[in-house]
Amino acid sequence: MSAKLYAMAHSHPAIAVRLMLDRKGIEAEVWNILPGLHPIVVRAAGFPGRTVPALRIDGERIQGTLDISRRLDGIQPDPPLFPHDPDERTAVEDAERWGHDVLQALARRVFRYAALTSNPIRAWMAGEVVGMPFPRVAGLAYKPVIVYFAHIVGASGDAVRRDLEQLPALLDRCDELLAAGTIGGEQPNAADFQILTSIRLLLCHTELRPIVERWRCARAALELVPAYPGPIPTALPRRWLPAAGPAAAMVAVP
């Protein structure tokens, strides 16, 4: 089986697909594209869309975590990414969709807004993630690119402030999914990969980690994804950071 994954090193959806491939035991060549060039590269590679993750497997091209998870189960059913029981499968599919539409999007907006407003973050990405020389200069040069990519996901100050206000409730829902056994089981499923990678990215933000790690799902994210590019330098306004803890008893992550 021949597989190639077009990704970005810090992309939480791309990391989710890498974990799915590992779960399936499918070896794939991973091409981490320079952020900003990925729309050009994936279109040149024959994909219909402009986003990563983009997977080419045995000549077939698939984009996006939702389509990739289902296709991987079709190509190689075991070990499954979705339960065989119909009710359990529905619960996992619903959680995966919520993770994709809500939590993944929030983590993306927060990161892109932080990169938009902070050259230290752009320099960190250029030097630590991409490995470019003269990272501070590269960060300054990269700002027009991040302006565009922040705009297309609606990563404005008002949107991110609202995201951070809603974050405790979203993390509460993640903990509810853990308590229900929908995620966090002995065998990770598609919803685990979708949801916990987003939480793992949030944990990389220096100012967000002490907040997010109060929830049980933070521990699950660290167990699923122990290594992730970071820490991300501080950039978010302190007054925007949520003060509330989880609805259940706090569980600190060591």
Side-chain angles (χ1 to χ4, degrees), residues 10-17 19-20 53 64-66 69 90-117 150 152-185 188-225 228 230-232 234-253:
H10 66 289
S11 165
H12 49 309
I15 289 174
V17 172
L19 292 171
M20 292 179 200
T65 47
L66 298 178
S69 63
T90 297
V92 168
E93 288 179 334
D94 288 347
E96 183 196 28
R97 169 61 70 177
W98 173 80
H100 177 277
D101 293 350
V102 178
L103 198 60
Q104 183 192 105
L106 179 149
R108 181 182 294 111
R109 281 191 299 270
V110 169
F111 176 78
R112 291 190 184 181
Y113 177 80
L116 172 67
T117 58
I152 62 174
V153 298
S156 66
D158 286 344
V160 171
R161 178 178 50 79
R162 289 192 297 269
D163 284 337
L164 294 174
E165 288 173 354
Q166 297 168 8
L167 183 57
L170 300 182
L171 294 172
D172 280 343
R173 179 164 182 183
C174 293
D175 275 7
E176 291 168 0
L177 291 169
L178 277 172
T182 305
I183 62 173
N189 59 49
D192 284 279
F193 299 130
Q194 187 73 252
I195 291 169
L196 297 179
T197 50
S198 295
I199 294 171
R200 188 65 179 89
L201 174 57
L202 292 170
L203 283 164
C204 290
H205 288 271
T206 300
E207 65 271 62
L208 286 180
R209 177 161 181 148
I211 297 165
V212 176
E213 67 183 5
R214 299 171 186 170
W215 277 261
R216 289 181 57 229
C217 56
R219 184 186 298 276
L222 288 166
E223 290 175 353
L224 185 69
V225 196
Y228 203 113
I232 300 169
T234 301
L236 300 170
R238 185 169 296 275
R239 66 185 181 279
W240 292 2
L241 302 181
M250 293 188 195
V251 181
V253 177

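Sorted by first and then second residue, the side-chain hydrogen bond (donor to acceptor under 3.5 Å, both in side chains) pairs involving residues 234-245 (not counting sequence neighbours) form an empty list.
Each of Val110, Ile15, Ile232 was evaluated against Leu201; a single residue qualifies, Ile232, per the side-chain contact (heavy atoms from CB on, under 4.5 Å) test. Just one of Leu177, Val92, Asp175 meets the side-chain contact (heavy atoms from CB on, under 4.5 Å) condition when paired with Ile183; it is Leu177.
Evaluation of the salt bridge (Lys or Arg N to Asp or Glu O under 4.0 Å) rule for Arg161 yields Asp158, Glu165 as partners, not counting sequence neighbours. The salt bridge (Lys or Arg N to Asp or Glu O under 4.0 Å) search around Arg109 returns Asp163, not counting sequence neighbours.
Taking every heavy atom of both residues into account, Ile195 and Cys174 meet most closely at CG2-SG, 3.8 Å. The nearest pair of heavy atoms linking Thr182 to Ala91 is CG2-O, 3.7 Å. A pairwise comparison of heavy atoms in Leu196 and Cys217 identifies CD2-O, 3.9 Å as the closest pair.
Counting heavy atoms from C-beta outward, Leu19 and Val225 have side chains that approach closer than 4.5 Å. Residues Arg112 and Val160 have side chains not in contact (no heavy-atom distance under 4.5 Å, counting atoms from C-beta outward). A 4.5 Å side-chain heavy-atom check between Pro246 and Arg216 finds every atom pair outside the cut-off. Looking at Tyr228 and Leu222, their side chains never come closer than 4.5 Å, going by heavy atoms from C-beta outward. Two residues are said to be in side-chain contact when any heavy atoms from C-beta on lie closer than 4.5 Å; Thr65 and His100 meet this criterion. Looking only at side-chain heavy atoms (C-beta outward), Glu96 and Ser69 come within less than 4.5 Å of each other.
Looking only at distances, a side-chain donor or acceptor of Asp192 sits under 3.5 Å from a matching main-chain atom of Gly184.
Taking the six-membered ring for Trp and thresholds of 30 and 60 degrees, His205 and Phe111 have ring planes more than 60 degrees apart, a perpendicular arrangement.
For the atom pair CD1 of Ile211 and CZ of Arg214, the computed distance is 6.0 Å after rounding to the nearest 0.5 Å.
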